[in-house]
Amino acid sequence: KIYMTLLGLLLSIVACAQPRFKPGDVVPKPYLKVFGYEQFFKVSSLPEQVMARMNACSFKGKTGACWDDLSYLKVLHCDLDGNAIIGEMVCNTAIASDLLEIFKTLYQSGYPIEKMRLIDLYGGDDEASMRDNNTSCFNQRDITAGGKVSKHSFGMAVDINPKYNPYYKVRNGMTRIQPKGSEYYINRSEVFPYKIEKGDLCYRLFRQHGFRWGGDWLSGKDYQHFEK
C-alpha cells in the first residue's frame, strides 16, 4: 500500500513537471520516448483564445463556415531533419477525424511537413502563408482565380507544403503561379523536398479519405490542395 502511494505521488510529480508545449515547438525525442506521441493528437471545439485570434482575420464573417462548424486540431509533424513539431489547424468538424488520422499516419511514417500554424499568424494572408511553406486549412476567402468562394472558407480544403506544391494556371496566354517564387517547382520532373506526387503517401491517404487533389485538375494545377 505504501509502495502504491509513493508510486502515485511520483507519477503526479512527473506529470506536473512535464513541459507545456505550444504550436511550433519541437518536442525532444527523449520526451517522446518516455511519454509517447498520442497525447499530441487532439481534436476539440475552438478554444476562446483561438477564436479571438481568428476573429476579423481568417474568420471575416463572410460566406463560409460558422463558428459552430469548426474544430481545432493539434498534431505532430516531422520536418526534413526528423524533428517532431507541434502543429495546429482549424478545419470543418466534418473532416476533423479524417485529418487527425491522416496527419497521425504521416507523422508515424516520417513524411515531412515543414510548418503547420494557423493562417492568422500571417494576418490571414494566404500568399504570405504559402511563401513560408505553411500548411493550413481554414481561411474565409475566394478561390485563387476569383469569383467563387473557396473551399477553405468552409474549412473543407487543406494546403500541404504550398511553397513546393504551387498553384499553376495558364489563361489567355498569361501564366499565374502562386505563391510567388515557386516557379521552379512547377516542373514536377525535378527532384526537390516536400513535393507531393500522385501515388505518394500523402496523396494516397487523402484520396482514401475521400479528398480530391488539385494536381488532378485539368484546367490548371493546385499541387498543394486537397478538398472535400
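Values reported hereafter were calculated over all heavy atoms of this structure, with side chains retained and with hydrogens, waters and symmetry mates removed. One is the number of the first residue; the rest follow in order along the sequence.
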Practice task
Could you tell me whether E38 and K104 make a salt bridge, using a distance below 4.0 angstrom between a side-chain N and a carboxylate O?
Solution key: yes
Problem - Heavy-atom side-chain proximity of T135 to M89 below 4.5 angstrom - result: yes
Handout entry: R117/D132 ion pair, N-O < 4.0 Å
Key = no
Problem - pair I196-F226: side-chain heavy atoms closer than 4.5 Å - result: yes
Practice task
Give the minimum heavy-atom separation between Y107 and C78, together with the two atoms involved.
Solution key: CD1-SG, 3.5 Å
Exercise for the section: Run the numbers on W213 and Y203 for ring pair (Phe, Tyr, Trp, His ring centres under 6.0 Å), then give the verdict. Expected result: CA-CA 8 Å; W213 183 44; Y203 171 89; 5.3 Å; yes
Exercise for the section: Determine whether more than 12 heavy atoms belonging to other residues, nucleotides or ligands lie under 6.0 Å from atom NZ of K163. Expected result: no
Problem - Any side-chain heavy-atom pair of R188 and E197 under 4.5 Å - result: no
Fill in the blank from the handout: G61 and Q140 have their tightest heavy-atom pair at N-OE1, 2.9 Å
Practice task
Just say parallel, tilted or perpendicular for the rings of F35 and Y31, cut-offs at 30° and 60°.
Solution key: tilted
Practice task
For N133 and Y194, test the side chains for any donor-to-acceptor distance below 3.5 angstrom and give the result as yes or no.
Solution key: no
Problem - Short side-chain to backbone donor-acceptor contact, N172 and M174, under 3.5 Å - result: no
Handout entry: Close side-chain approach of R176 and R171, heavy atoms under 4.5 Å
Key = no
Exercise for the section: Kindly indicate whether the side chain of M116, heavy atoms from C-beta on, has any atom under 4.5 Å from the side chain of L73. Expected result: no
Handout entry: Side chain to side chain, Q208 and E101, heavy atoms closer than 4.5 Å
Key = no
Practice task
Might you point out which heavy atoms bring A65 and F138 nearest each other, and give the distance in Å?
Solution key: CB-CE1, 4.1 Å
Exercise for the section: For N165 and N161, test the side chains for any donor-to-acceptor distance below 3.5 angstrom and give the result as yes or no. Expected result: no
Problem - Backbone of C202 reached by a side-chain donor or acceptor of D200 within 3.5 Å - result: yes
Practice task
May I ask you to test the I95-H209 pair for a side-chain heavy-atom distance under 4.5 Å?
Solution key: no
Problem - Side chain proximity check, Y185 to I177, heavy atoms < 4.5 angstrom - result: no
